Amino acid sequence: MNFRHWAALSLTGLLALTESAAAACPKSGVQVSEGPLSRALITLGRQCRVSLVVQDQSASSIYTPEQTLETPDGSIAPALRQLLEKTPLTFTHTGTNAVAVVARGDDASAGDNGEPPLLPAEEVTVTGRNLTGSHLRHLKLDSYAPIDVLAQPELEITGAQTISELLKFLPAVSGNSTSTSVTNGGNGTATVTLRGLPASNTLVLINGRRIVSNGFGGEAADLNTIPLSAVDRIEVLKDGASAVYGSDAIAGVVNIILRRDFDGLSVNTYYGQAERGDQQTNSYSVTWGAGDDERHLMFSLAHYRQSEIFSRDRELSASADNRARGGTDLRSSASPQGYIALSDTVVTNSGDGYAPWTTEDLYNFRERTSALVPSERQSLYIAGNQSLGEAAEAFAEIMAVRTRSESTMAATPVFTRFDNGDLTIAADQVYNPFGEEIKDVRKRVLELGPRIQHNGTDTWRFNTGLKGFVDDWQWELTAATHYTQARERLTNLIDPNRLSAGLQGVSHCNTQVDCVPVNLLGAPGSIDREQLDFIRGESRVNGASRMTSLTYVANGPLGQTHAGDILAAAGVEIRREAIDFASNDANGLSFIGGAASGSAQGERLIGEAFGEFSVPLKANSLWLDGAVRYSDYSDFGNTANPKVALRWRPIPSLLLRASYATGFKAPTLVDMNQTGYQSQEFLFDPCTNSNADSLPGCNGRADQSRIQYLTEFGGNPNLQPETSDNRSLGIVWTPGDYTGFHISMDLFDIRQNDVIDTSPQYLINQNANNNLFANRVERDDEGDITRIVATRLNIGAREVRGIDASLRYQHQSRELGLIRWSMNGSHMASYLNQLAPGSPIEDLSGTFVDSASGGAGSLPEWKANTGIYWQRGRWEGGYTIHYVSDLRENFTLNNQSVTRKIDSWSTHDFQIAYGVPSGFRFALGIDNLLDEAPPFAASAFNDNFDARTYDLTGRYWYSTLSFNM
């Protein structure tokens, strides 16, 4: 299905919708108890399944009597009018399923029919008193940047059980995010990558505050350490925000708002399973909250467990031989029978004696690999606040999360010519029947068993502080300490030093020197337990990331002009970040079959000061917004970055917005401090082509059967920050004739210079084609690469341009109930990438280059979703379509460079739910209703497709049962 057909199908959901909407409340009404208005609003929002937020602090000081709020036809509007009738507050819709309570005024006064007007519905929900991307308390609901909002009702209807699963299909997300779908090369973490930029360019916040990054070096926040059960809504700011939040907000911000004012008890259970019988997933959560006008306390407990999918259990991923699909044969020459290169021939040993080796002896390693990592996590979240009088409040938040995962990879392969150490088999080695020295043996040591990678992370977060009001100014002082500890253990590897000893002759390897000869030349099963115990190795990585911070922010009206109030905000932040991780190795060498993560120790102290303003230039129609942030890093210097924006509303239904900002991306502590990182990277050497003799960097034709190359990465303490410019221009239209309709379109342009890169594929290409980087690409006398040295450098530049578009409509009637329709899409017009000064500029938009090859992953030109969501009485349902446009990939086939098309992909998700009066809610859902397999990618390292963009599961069934009181 191409994009034109997909868009036409999604628009059919608009045809039946003609009026504005409200909510779906119990027809019998909503009972609220005596107490603060804020508590009554929370009860009403929960009963009507609407994200209902309060913009005015006075809601906490207004008391309401015990009463039954009328909700005829399931509409929330009569109940809100009844509740707010004698208060200085009114309400307005802010999105497809969100309502804001705001102060009455000229703009919020009732219309001619007595109904509160529907103010223009921006692509933003009010987050208490601030918008994501700003510290200001905007009196309007206008934002100068596009924001996607996923409120609690939308979270439930998706059936998602993890935040990474929820964000994976957002249109603005592309590139190399990680999750449990990434097996070989994954580490159990989950990250988000906006605009196809690295995960370290997207800032993840909890309740608007920074959090600690993952324990393996702290390059990005691990979404697996945030329990979805505790989330109230997620706001995704699709614009640079370095001036507001700091260094790592180049691509945008993901702000995860947790439940804090929940009253009552909520119990939720979930069970799901793929139609093929695997990926059994279950989760349980309990949330409780209670309080009064002086104090409030809530806690949430959650457990989540997901089982595996094996590569062999899906047709797409079952084999590494892709010739029938138009790809290449990626099976490994390291087979259980062995690849033995003698002086005059190549032989193998199947158990019936030695025979000539052929390509039919290649090994399909996918028979023993996991395609989805089994994982589990447990979490505890506690939040409380205590009033300190009419104008101040103390608060505290505690979160503890434990995650565990376990992935399976094929048994360790040995490449004696290319692995670490001197692995030449001596002519007089006891198991060598050929009487000659053998340098090149490739053997899959099945006797060791599959490699098992265990990952575990423990995370603790503690925030506490004070907040309050002084006149019309709001202030907040927050102290935070966050700590995450990560561990990784990869078993059934081979110690290169012991294997080297075991391959030597009798005079050097015997029982007197505690050496066991190792038989790499025998048939499968010929390596006995004594040999295995001698060579077996295990890699371990232990890491920790720490963050402590003290932040003070104040905001309020600075003054007035003829057009209205000037809003201002200012603050300071002092933050200390530290990492400390290390891995074991074999006396400086990586274990065969694994990677040496090396070590990195570093810390930095960051001092920042920031300010914002919003000046109305013309009453109710023109605003000038600005921000500036000064940052001083103890380990590389200081920088100042501004942002300026204009909002213009020429007519009430039309908003135009534009912004410009500069940004910077500080080198991470890993970028600056890592040493000793070795791995086998999935790369391509041009010297393996038939034209190798004509390439200046090749010394003859290299081995054509290799697909992985030993690569050393490393940090660089002399790195400079990446710099950036962000530009955006947008239009929002909310026509008054269709008060439930919203359409927005935003153009974005992100330019980065001095990009920190470590591309070994670039080094190989330049070495082969131009005879450069001979000191970084090491070759032996036969022209084969023995090692690549790829330390980090400020060498690259890139520019990403595109368009975001969204449409929404909602309709309510007595016959149909509430129907909401939405479409959200992102078009990547160009992704211009220059790996180094003087190198060609490539447009990567619409292409796929696997991250295992140093690429940016999948960068589709179009990514979108559309859906229709329905509520009537106690029934509700949803139907969602996700779409990813086709891609191009380039690889070598039969010595020729080939460009092929990766097909577009769309999936259909469906859920229906019913709530009973006693508080129970039951839901059934089907993901990937049409059982659409991911598109084949010939250059994909894992499972013949890009697991970071698509899903291998197939049709998936699930059910949920919840109880709320």
Side-chain angles (χ1 to χ4, degrees), residues 1-3 6 158-160 162 164-186 190-193 196 274-276 278-279 306 308-311 313-320 322 325-327 366 369-373 825-826 828 844-853 855-866 880-889 900-909 926-956:
M1 182 184 296
N2 61 34
F3 181 77
W6 179 89
T158 64
T162 66
S164 62
E165 180 184 353
L166 192 70
L167 298 179
K168 183 174 183 176
F169 293 113
L170 280 184
V173 176
S174 60
N176 286 325
S177 57
T178 61
S179 69
T180 55
S181 297
V182 180
T183 49
N184 195 343
T191 58
V192 59
T193 53
E275 188 175 86
R276 292 165 178 81
D278 47 19
Q279 198 188 335
Q306 170 192 271
E308 72 281 339
I309 294 176
F310 285 102
S311 303
D313 293 330
R314 296 294 186 274
E315 181 182 358
L316 175 65
S317 56
S319 176
N322 297 312
R325 294 188 176 98
R366 299 267 172 77
T369 61
S370 55
L372 182 73
V373 178
S826 184
M828 185 178 291
L844 302 182
S845 174
T847 69
F848 167 68
V849 182
D850 200 296
S851 65
S853 303
S858 292
L859 302 173
E861 292 184 359
W862 283 100
K863 189 175 181 184
N865 57 51
T866 187
T880 307
I881 305 173
H882 301 286
Y883 173 82
V884 180
S885 64
D886 57 73
L887 298 162
R888 303 180 309 278
E889 64 176 339
R900 71 174 294 274
K901 174 184 173 182
I902 299 174
D903 292 335
S904 62
W905 188 67
S906 59
T907 61
H908 302 247
D909 300 341
I926 308 174
D927 289 343
N928 199 351
L929 181 66
L930 303 182
D931 199 23
E932 186 74 18
F936 165 66
S939 58
F941 179 55
N942 279 326
D943 298 312
N944 303 327
F945 80 107
D946 179 20
R948 303 169 190 267
T949 303
Y950 310 96
D951 185 80
L952 186 66
T953 304
R955 188 178 292 116
Y956 182 85

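Remember, predicted model here, so these are calculated numbers, not experimental data.
A 4.5 Å side-chain heavy-atom check between T907 and W905 finds at least one atom pair inside the cut-off. In this structure, N865 and P171 have side chains that are in contact, with non-hydrogen atoms separated by less than 4.5 Å. A 4.5 Å side-chain heavy-atom check between D951 and D927 finds every atom pair outside the cut-off. You'll find the side chain of L372 reaches within 4.5 Å of the side chain of T180, heavy atoms only. A heavy-atom distance below 4.5 Å is found between the side chains of T158 and L166. Between L952 and S181 the shortest side-chain heavy-atom distance does not fall below 4.5 Å. Side-chain contact between F936 and I902: absent, with no pair of heavy atoms (C-beta onward) separated by less than 4.5 Å. Using a 4.5 Å heavy-atom cutoff, the side chains of S851 and R948 are in contact.
With sequence neighbours left out, the salt bridge (charged side-chain N to carboxylate O under 4.0 Å, His left out) criterion links E308 to no other residue. Every side chain to side chain donor-acceptor pair (under 3.5 Å) that D909 has, sequence neighbours left out, goes to H882. A933 pairs by the side chain to side chain contact (heavy atoms under 4.5 Å, CB included) definition with nothing, not counting sequence neighbours. Looking at residues two or more places apart in sequence or on another chain, you find no side chain to side chain donor-acceptor pair (under 3.5 Å) involving S317. The side chain to side chain contact (heavy atoms under 4.5 Å, CB included) check on E861 picks up H827, S845, S885, R888, with sequence neighbours excluded. By the side chain to side chain contact (heavy atoms under 4.5 Å, CB included) test, T949 pairs with S858, V884, D946, sequence neighbours left out. Residues satisfying the ring pair (Phe, Tyr, Trp, His ring centres under 6.0 Å) test with F945, not counting sequence neighbours, are none. Evaluation of the ring pair (Phe, Tyr, Trp, His ring centres under 6.0 Å) rule for F310 yields no partner, not counting sequence neighbours. Taking the salt bridge (charged side-chain N to carboxylate O under 4.0 Å, His left out) definition, one finds that D931 meets it with R276, sequence neighbours left out. For the side chain to side chain contact (heavy atoms under 4.5 Å, CB included) test, residues two or more places apart in sequence or in another chain that qualify with A940 are F848, D850, A937. When the salt bridge (charged side-chain N to carboxylate O under 4.0 Å, His left out) test is applied to R314, the partners found at least two apart in sequence or on another chain are D278. Partners of R325 under the salt bridge (charged side-chain N to carboxylate O under 4.0 Å, His left out) rule, at least two apart in sequence or in another chain, do not exist in this structure.
Here the shortest heavy-atom pairing between T953 and A274 reads CG2-CB, 3.7 Å. In terms of heavy atoms, S179 sits closest to S164 at CB-OG, 4.5 Å. D943 and T369 make their closest contact through OD1-OG1, 4.3 Å (heavy atoms, listed as atom of the first residue, atom of the second, distance). Taking every heavy atom of both residues into account, G855 and N176 meet most closely at O-ND2, 2.8 Å. The shortest non-hydrogen separation linking A864 to G825 is CB-CA, 3.7 Å.
Between K168 atom NZ and T193 atom OG1 the span is 11.0 Å, to the nearest 0.5 Å. Atom OG in S311 sits 7.5 Å away from atom CG in N942 (nearest 0.5 Å). Note that CZ of F169 is 10.5 Å distant from OH of Y950, once rounded to the nearest 0.5 Å. Here NE2 of H908 is found 4.5 Å from OG of S906. Values are rounded to the nearest 0.5 Å.
Between the side chains of S177 and T191, no donor-acceptor pair is found at a separation under 3.5 Å.
With S370 contributing its side chain and V373 its backbone, the two residues share no donor-acceptor pair below 3.5 Å. Proximity of a side-chain donor or acceptor of R366 to a complementary backbone N or O of S319 within less than 3.5 Å is detected. The backbone N or O of K901 lies less than 3.5 Å from no partner atom in the side chain of E889, so there is not a single donor-acceptor pair.
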W862 and S826: CA distance, side-chain angles, deciding distance, side chain to side chain contact (heavy atoms under 4.5 Å, CB included) verdict: CA-CA 6 Å; W862 283 100; S826 184; over 6 Å; no
Determine whether N928 and Y956 satisfy the following criterion, side chain to side chain contact (heavy atoms under 4.5 Å, CB included), listing intermediate values before the conclusion. CA-CA 7 Å; N928 199 351; Y956 182 85; 6.0 Å; no
